[in-house]
2 protein chains.
Amino acid sequence: MVIRMSNQEMREPTFFVLASLADGRKHGYGIIKDASELSEGRVALKVGTLYAALERLQAEGLVIATGDEVVGGRLRRYFELTEPGAASLAEESERQELNAKRARDRLKQRASRVAASTKTASA
Amino acid sequence: MVIRMSNQEMREPTFFVLASLADGRKHGYGIIKDASELSEGRVALKVGTLYAALERLQAEGLVIATGDEVVGGRLRRYFELTEPGAASLAEESERQELNAKRARDRLKQRASRVAASTKTASA
DNA sequence: TGATATATATCGACAGTCGTACTATGGTCA
DNA sequence: TGACCATAGTACGACTGTCGATATATATCA
């Protein structure tokens with residue numbers, strides 16, 4: 001298992017793969033469907049991206065394969081979130097929330113500055 | 001000016017370039033310093049990344065160059081956030097906050113599930 | 001019969017970032 | 001004086017994760 005530096009940004013598709021699996025055991029296509037719902041259609045995971053991400057996340061130990069099943073004549077590869085995977089998702093969520101908060105604070109200040117300068121300019 | 005699809009993820013370094021400029025007019029190296037402070041040392045913008053991002057953001061109209069100045073014998077290239085740039089940053093912040101919230105909700109549910117199954121297993 | 005949904009595999013292209021090396025000035029310190 | 005560091009920007013090859021497209025196969029529905 002490859003140990004990966006934390007403190008490194010996680011891309012949105014990868015984030016949604018973990019977030020989807022936080023809901024419970026799922027197979028590839030199920031993750032795609034779920035991520036789409038979870039994000040209200042905004043995130044459409046591409047198959048290539050998904051399976052590449054699953055391989056990578058397995059290698060990092062954030063996800064484990066929990067058996068293949070044949071349902072309706074079709075193969076399904078199931079996956080589950082590991083504890084490190086859950087921790088990683090939690091960390092990433094926190095980071096994003098912090099970043100968003102910092103940006104919004106600055107935008108707020110900026111908005112009042114812009115309002116003030118507009119007032120000055122028109123005066 | 002290239003129009004770029006919204007609904008597309010923004011990478012962390014790019015996000016911090018915009019967030020830094022939301023604070024006001026800055027030159028390249030100033031952005032690096034500010035981004036580092038703003039993120040409590042977590043985000044260390046690389047020079048290559050920064051100037052590439054600034055070129056790109058200019059082409060997208062999210063940032064404008066507002067004059068070069070020579071201070072202490074050294075060239076400084078100054079930049080400012082545009083209104084579309086501020087809007088883009090706001091949108092991105094909102095998206096990240098939403099994603100983080102969704103992930104945390106699921107992790108919370110998962111935590112109670114895990115606690116329940118542990119209890120069952122030990123009973 | 002053909003279209004659509006489910007389900008996975010594979011692979012080249014691409015964008016943004018990283019890492020490193022380079023030029024150049026000014027200040028500090030031994 | 002020379003060595004070193006912080007500031008400031010340029011340049012470019014390598015890398016990673018995602019995209020886009022193609023392929024295979026089964027079940028269902030019109």
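Below, chains carry the letters A, B, ... as their sequence lines are ordered, and counting in each starts from 1. What's counted below: heavy atoms across the whole structure, side chains too, no hydrogens, waters or symmetry copies.
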| request: Only counting residues at least two apart or in another chain, list the ones meeting salt bridge (Lys or Arg N to Asp or Glu O under 4.0 Å) with B:R42. | output: B:E12
| request: Take atom CG of B:L57 and atom C1' of C:dT17, then tell me their distance rounded to the nearest Å. | output: 13 Å
| field | Check: B:T14 side chain, B:M10 main-chain N or O, donor-acceptor pair, under 3.5 Å | value | no
| For the helix from C:dT1-D:dA30 to C:dA30-D:dT1, what is the angle between the axes at its two ends, each from 5 pairs, rounded to 10°? | 10°
| Roughly how many Å is it from NZ in B:K26 to P in D:dA8, rounded to a whole number? | 13 Å
| request: Strictly below 4.0 Å, heavy-atom distances to any atom of DNA chain C: list the hits from residues 75-90 of chain B, or just say none. | output: none
| How long is the gap from CG on B:D68 to CG on B:L75, to the nearest 0.5 Å? | 5.0 Å
| said: What is the distance, to the nearest angstrom, from the CZ atom on B:R56 to the P atom on C:dC18? | reply: 11 Å
| Under the ring-ring contact (aromatic ring centres under 6.0 Å, His included) rule, what pairs show up with a residue in residues 77-118 of chain B, not counting sequence neighbours? | B:H27-B:Y78
| request: Give the cluster check for A:I64 versus A:L50: same hydrophobic cluster or not, with ILVMFWY residues linked at side-chain heavy-atom distances below 4.5 Å. | output: no
| remark: In this structure, CG of B:N99 is separated from CD of A:E97 (nearest 0.5 Å) by 10.5 Å
| request: Sequence neighbours left out, what passes salt bridge (Lys or Arg N to Asp or Glu O under 4.0 Å) with A:E80? Give chain and number order. | output: none
| Between P of D:dA25 and OH of A:Y29, the distance in whole Å | 17 Å
| said: Among residues 94-104 of chain A, which ones have heavy-atom contacts with DNA chain D below 4.0 Å? | reply: none
| request: Under the side-chain contact (heavy atoms from CB on, under 4.5 Å) rule, what do A:V47 and A:T49 come out as? Steps first, then yes or no, please. | output: CA-CA 5 Å; A:V47 282; A:T49 304; over 6 Å; no
| request: Check the distance between D:dT7's P and B:D34's CG and give it to me in whole angstrom. | output: 14 Å
| task | Hey, could you give me the CG/CD distance between B:L98 and A:E40, rounded to the nearest 0.5 Å? | result | 7.0 Å
| message | Considering only residues two or more places apart or on different chains, which pairs with a residue in residues 35-59 of chain A satisfy ring-ring contact (aromatic ring centres under 6.0 Å, His included)? | response | none
| said: Under 4.0 Å, heavy atom to any atom of DNA chain D: which of residues 40-55 of chain B qualify? | reply: B:V47, B:G48, B:Y51
| task | Go through the structure and list residues passing salt bridge (Lys or Arg N to Asp or Glu O under 4.0 Å) with A:R11, not counting sequence neighbours. | result | B:E9
| query | Can you check the B:E9 CD to D:dC19 C1' distance for me, whole Å? | reply | 12 Å
| message | Just the rounded figure in Å: distance from P of D:dG17 to CD of A:E12. | response | 16 Å
| request: Name every residue in residues 66-74 of chain B that has at least one heavy atom under 4.0 Å from any atom of DNA chain C, in order of residue number, or write none if there are no such residues. | output: B:G72, B:G73, B:R74
Give every donor-acceptor pair under 3.5 Å between a side-chain atom in residues 16-26 of chain A and any protein atom, sequence neighbours left out.
{"unit_1": "A:S20", "atom_1": "OG", "unit_2": "A:D34", "atom_2": "OD2", "d": "2.7"}
{"unit_1": "A:D23", "atom_1": "OD2", "unit_2": "A:K26", "atom_2": "NZ", "d": "3.1"}
{"unit_1": "A:R25", "atom_1": "NE", "unit_2": "A:T66", "atom_2": "O", "d": "3.4"}
{"unit_1": "A:R25", "atom_1": "NE", "unit_2": "A:T66", "atom_2": "OG1", "d": "2.8"}
{"unit_1": "A:R25", "atom_1": "NH1", "unit_2": "A:E69", "atom_2": "OE2", "d": "3.3"}
{"unit_1": "A:R25", "atom_1": "NH2", "unit_2": "A:T66", "atom_2": "O", "d": "2.6"}
{"unit_1": "A:R25", "atom_1": "NH2", "unit_2": "A:E69", "atom_2": "OE2", "d": "3.1"}
{"unit_1": "A:K26", "atom_1": "NZ", "unit_2": "A:S20", "atom_2": "O", "d": "3.1"}

| Could you give the distance from CD (A:E37) to NZ (A:K33), rounded to the nearest 0.5 Å? | 9.0 Å
| said: Any side-chain N or O of A:R11 below 4.0 angstrom from OP1/OP2 of D:dT16? | reply: no
| said: Without decimals, in angstroms, what is the distance between A:F16 CZ and D:dG17 C1'? | reply: 17 Å
| query | CD of B:E60 to CD of B:E55: how many Å apart, nearest 0.5 Å? | reply | 12.0 Å
| query | Residues two or more places apart in sequence or in another chain: which of them pass side chain to side chain contact (heavy atoms under 4.5 Å, CB included) with B:E94? | reply | none
| request: Please report the C-alpha distance between A:L54 and A:I31 in whole Å, then the side-chain angles of each, then the deciding distance to 0.1 Å, and finally whether the side-chain contact (heavy atoms from CB on, under 4.5 Å) criterion is met. | output: CA-CA 10 Å; A:L54 285 170; A:I31 293 171; 4.1 Å; yes
| query | Under 4.0 Å between a side-chain N or O of B:T14 and OP1 or OP2 of C:dG16? | reply | no
